[in-house]
Amino acid sequence: MLRVATWNVNSLRVRLPQVLAWLGDVEPDILAMQETKTQDLDFPAAAFAEIGYAVVCNGQKTYNGVAIASRTPGSILATALPGYDDTQRRFLAMRFGDVQLIDVYVPNGEDVASDKYRYKLEWLAALRDFLARSGTGAKTIVLGDFNIAPDDRDVHDPAAWQGQVLVSDPERTALKRLFDTGVQDCFRLFDQPAGLYSWWDYRAGALHRNHGLRIDLILASANLAARCRQCRIDAAPRRWERPSDHAPVLAEFDV
DNA sequence: ATGGTAGTTTGACTA
């Protein structure tokens, strides 16, 4: 059994106690983190080592940053999207045995009229090209904060969100192009109750009113998706003291 | 209702 998880921690400096507590409770084999907001020199690797996790980080000051913690060490495949010039740390590809695991923090996009939105669509196109080239015939997991709700089931109020960033058609089309390379959304491999989300805005009582979106995804190539036994969102940490605005998502594979 | 809160950083910027 391989148990992998993704969590946008929104500052590892602030969230380290929650992350360590969650790892201790759930004990996934691999946790992919986003928005660590931590330079590699400041990364709290020793705290992860103390609870039995090796960690590889790809961070920067103040913004962005990804990292992968794992029970057994893996090898680094890439720390940036090949062929895409990007000053922002949003990508970390590693190999664990015969599984390649790609941790992504897709740009937020801010607003459909902004330059950041065009950057988001470019970034997603580059990710698609990378997946197409690297091939999903091998066992591949792509997980992280995609900053896109795949369809209206993943949106608390589709009418209010229609056309907005995180939900807009061009973003959803870009996500479908990722699926076209052969990866599948593990959450939708199973019957799921309505109203399950992975992100709730800090503002306006969004959590209390379950005004959320499902934007944190675990995608798996067909050979792994066929062996996926479970995919769930663990909403509990979103209700802890001083939480991230995202909840962790977990998938289990029979491999 | 272009608000609201949080993190980084100490004034904005990002989300």
Side-chain angles (χ1 to χ4, degrees), chain A residues 6-22 31-44 47 57-67 80-81 86-92 103-124 127 143-150 154-168 170-172 174-175 197-217 233 235-249:
Chain A
T6 178
W7 195 1
N8 179 323
V9 298
N10 187 17
S11 172
L12 194 58
R13 186 197 310 260
V14 170
R15 225 68 65 201
L16 183 62
Q18 290 93 324
V19 172
L20 296 177
W22 189 80
L31 172 63
M33 290 167 273
Q34 305 85 39
E35 281 205 273
T36 54
K37 300 185 177 180
T38 304
Q39 297 178 102
D40 293 349
L41 282 171
D42 299 328
F43 197 92
C57 52
N58 182 27
Q60 65 184 93
K61 198 177 177 183
T62 309
Y63 299 122
N64 310 312
V66 289
L81 267 173
D86 193 358
T87 59
Q88 303 187 14
R89 303 288 186 151
R90 301 179 171 277
F91 183 94
L92 179 58
D103 180 9
V104 297
Y105 175 45
V106 174
N108 171 282
E110 189 185 39
D111 182 275
V112 295
S114 74
D115 288 343
K116 295 195 190 78
Y117 182 79
R118 290 196 290 119
Y119 166 57
K120 180 180 196 172
L121 294 180
E122 282 178 14
W123 203 94
L124 287 161
L127 178 59
L143 75 176
D145 178 359
F146 284 76
N147 270 314
I148 303 169
D154 305 310
V155 182
H156 72 90
D157 185 346
W161 278 87
Q162 187 174 27
Q164 301 294 310
V165 74
L166 311 184
V167 167
S168 74
E171 292 166 85
R172 285 177 166 174
L175 186 60
Y197 309 117
S198 67
W199 170 81
W200 300 260
D201 200 301
Y202 284 121
R203 300 165 289 188
L207 177 67
H208 178 67
R209 300 194 280 174
N210 197 29
H211 286 185
L213 303 178
R214 189 177 69 91
I215 58 178
D216 299 273
L217 311 178
I233 299 164
R238 183 63 179 82
R239 297 186 290 267
W240 291 354
E241 283 290 310
R242 210 171 184 196
S244 169
D245 46 352
H246 295 252
V249 183

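Proteins get letters first, then strands, A, B, ... in listed order; numbering begins at 1 in each. Please read all numbers here as calculations on a predicted model, not as lab measurements.
In this structure, A:Lys61 does not reach the B:dT8 phosphate: none of its side-chain N or O atoms is under 4.0 Å from OP1 or OP2.
Rounded to a whole Å, the OH atom of A:Tyr105 is 14 Å from the P atom of B:dG7. Residue A:Gln34 contributes atom CD, which lies 14 Å from atom P of B:dA15 at whole-angstrom precision. To the nearest angstrom, P of B:dA15 lies 5 Å from CG of A:Asn108. One interatomic measurement links the two molecules: CH2 of A:Trp240 to C1' of B:dA6, which rounds to 19 Å at whole-angstrom precision. The distance between atom CZ of A:Arg203 and atom P of B:dT2, rounded to the nearest whole Å, is 13 Å. Atoms CD (A:Glu171) and P (B:dA15) sit 13 Å apart, rounded to a whole Å. Per the geometry, CD belonging to A:Gln60 stands 13 Å off C1' belonging to B:dC13, to the nearest Å. Remark: P of B:dT8 and NZ of A:Lys37 are 6 Å apart, rounded to the nearest angstrom.
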What verdict does the side chain to side chain donor-acceptor pair (under 3.5 Å) test give for A:Trp199 and A:Asn8, after you've listed the backbone C-alpha separation in whole Å, the side-chain angles of each residue and the deciding distance to 0.1 Å? CA-CA 9 Å; A:Trp199 170 81; A:Asn8 179 323; over 6 Å; no

Set out, in order, the CA-CA distance, both residues' side-chain angles and the distance that settles side chain to side chain donor-acceptor pair (under 3.5 Å) for A:Ser244 and A:Asn10, then state yes or no. CA-CA 6 Å; A:Ser244 169; A:Asn10 187 17; 5.3 Å; no

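Using C1' as the reference atom, B:dA1 and B:dA12 are 23 Å apart when rounded to the nearest Å. The same atom, C1', is picked in B:dT2 and in B:dA15; the two are 15 Å apart, to the nearest Å.
Among the candidates A:Asp216, A:Thr6, A:Asp145, A:Asp154, the single residue satisfying the side-chain hydrogen bond (donor to acceptor under 3.5 Å, both in side chains) test with A:Ser198 is A:Asp216.
At a threshold of 4.0 angstrom between heavy atoms, the contacts of A:Arg209 with the nucleic acid are absent.
The main-chain N or O of A:Arg89 is found under 3.5 Å from a side-chain atom of A:Gln60 such that the two form a donor-acceptor pair. For the pair A:Lys120 (side chain) and A:Asn147 (backbone), a donor-acceptor distance under 3.5 Å is present.
Under the rule for a side-chain hydrogen bond (donor to acceptor under 3.5 Å, both in side chains), the partners of A:Asp115 that lie at least two apart in sequence or sit in another chain are A:Arg118.
Around CD of A:Gln162, the count of heavy atoms belonging to other residues, nucleotides or ligands within 6.0 Å does not exceed 12.
With B:dC13, B:dA15, B:dT5 as the candidates, the nucleotide lying closest to the side chain of A:Tyr63 is B:dC13.
DNA chain B is contacted by A:Asn10, A:Ser11, A:Arg13, A:Val14, A:Arg15 of residues 7-19 of chain A, taking any non-hydrogen atom closer than 4.0 Å.
Between A:Gly109 and A:Arg242, it is A:Arg242 whose nearest contact on DNA chain B lies nearer the 5' terminus.
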